[in-house]
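Remarks on the structure that follows.
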2 protein chains.
Amino acid sequence: MARHKTYDCSAGCPVSATLDVIGGKWKGLILYHLLEGTLRFGELRKRIPDVTQRMLTQHLRELEESGLVHRQVYAEVPPRVEYSLTPQGQTLRGVIAALKSWGETYLGRKTPQQAAPKRRLAAVAGR
Amino acid sequence: MARHKTYDCSAGCPVSATLDVIGGKWKGLILYHLLEGTLRFGELRKRIPDVTQRMLTQHLRELEESGLVHRQVYAEVPPRVEYSLTPQGQTLRGVIAALKSWGETYLGRKTPQQAAPKRRLAAVAGR
DNA sequence: CGGAATCCCTCGGGATACTG
DNA sequence: CAGTATCCCGAGGGATTCCG
């Protein structure tokens, strides 16, 4: 999103800024897996089965532009490209951990499907 | 309408699950502001200047469906609707705090602008 | 005041094919 | 293996208007 979305409340809302950086459809997963160590392009694909190669490439590029991911190309045949987190990327560990932790609790809690709040007869109250 | 994304790696990736819930364009901000207390619709709009009423309503609905936000309607004239976090929504405090904290550091650090890693070596295609 | 309903356009992102 | 390049569609989201 680095260059697409343009709500530049960049200066005012760090919360959004962070979400903008890690909020892509697959960025959270990519970062999560890279936190465990360096991975080749193909390895990332295996770990994130549903991502298309196009999206994986694109998101990796954006993460690279954001300074979170390092891309190491080896001049070999066949080609080899390894992705790893930059020092700055490593600082996301706590954030990702928080997201994961909360997500686990959330998923576990809502499993039974929380009946949709029927708003047609909205709850009314006086005061 | 507009159910959020539906990549149901729901079981496998809590990180994505969380991002799916708070990753909307304005959800982070909405949650952030609601963490400070109950707010009326109009008050939220003022705090998030760039959001349109349509998007604000839509995102609030999704957050409500996710069980994070409570919507309290008062049968008055003129109408009054107050939004607040549910107990479950409150559990996001730590997550939002982490996002905010990281974002502040990130924004501060990248200010000098980390020149794009131009790999325009063989790249010819422009547009 | 706080929406709901319409219109409409952008662009995220999937599928597929080709390449160094 | 690790990408690029195209095509293309549907969701996301802005602006505007109408309503209880």
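Lettering of chains follows the sequences in order, A, B, ..., and the numbering in each one begins at 1.
In this structure, CD on B:E62 lies 14.5 Å from CH2 on B:W26, to the nearest 0.5 angstrom.
When the P atom of C:dG2 is taken as reference, atom CD of B:Q72 falls 13 Å away, rounded to whole Å. Rounded to an integer number of Å, the gap from B:D50 CG to D:dG13 P is 14 Å. Atom CD of B:E64 is separated from atom C1' of C:dG2 by 14 Å (rounded to the nearest Å). As rounded to whole Å, 11 Å separates atom C1' of C:dT10 from atom NZ of B:K25. When rounded to the nearest whole Å, the span between CD of B:Q58 and P of D:dA15 equals 15 Å. Regarding B:I48, its CD1 atom lies at a distance of 14 Å from the P atom of C:dG2, rounded to whole Å. For the pair A:M55 CE and C:dC11 C1', the computed distance is 10 Å after rounding to whole Å. Rounding to whole angstrom units, CZ of residue B:R45 and P of D:dG14 are separated by 11 Å.
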I'd like a list of close polar pairs between nucleotides 1-3 of chain D and the protein, N/O only, cut-off under 3.5 Å.
residue, atom, partner, partner atom, Å
D:dC1, O3', A:R40, NH2, 3.0
D:dA2, OP1, A:R40, NE, 2.9
D:dA2, OP1, A:R40, NH2, 3.0
D:dA2, OP2, A:G42, N, 2.8
D:dG3, OP1, A:R61, NH2, 3.4
D:dG3, OP1, A:R71, NH1, 2.4
D:dG3, OP1, A:Y83, OH, 3.4
D:dG3, OP2, A:Y83, OH, 2.6

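Checking side-chain atoms of B:T86 against main-chain N and O of B:G67 turns up a donor-acceptor pair under 3.5 Å. Between the B:T105 side chain and the B:S101 main chain, a donor and an acceptor come within less than 3.5 Å of each other. A distance-only check finds no donor-acceptor pair linking the side chain of B:R80 to the backbone of B:R40 [under 3.5 Å]. Without hydrogens or angle criteria, A:T18 side chain to B:G103 main chain gives a donor-acceptor distance under 3.5 Å.
Residue A:Y83 places its OH atom among more than 12 non-hydrogen atoms of other residues, nucleotides or ligands, all under 6.0 Å distant. The neighbour count for A:Y32 OH, taken as heavy atoms of other residues, nucleotides or ligands under 6.0 Å away, does not exceed 12.
For B:T52, no side-chain nitrogen or oxygen approaches OP1 or OP2 of D:dA15 to under 4.0 Å. For A:H59, a side-chain nitrogen or oxygen approaches OP1 or OP2 of C:dG13 to under 4.0 Å. For C:dG14, the OP1/OP2 oxygens have a side-chain nitrogen or oxygen of A:W26 closer than 4.0 Å.
Bending across the helix from C:dC1-D:dG20 to C:dG20-D:dC1, expressed as the angle between its end axes from five pairs apiece, amounts to 50° (10° rounding).
Put simply, A:L39 and A:V73 are part of the same group of oily side chains (I, L, V, M, F, W, Y) that touch within less than 4.5 Å, one to the next.
Below the 3.5 angstrom threshold, one finds no donor paired with an acceptor across the side chain of B:R54 and the base of D:dT16.
Partner of A:C13 under the side chain to side chain contact (heavy atoms under 4.5 Å, CB included) criterion, out of B:L107, B:I48, B:L29, B:L99: B:L29 alone.
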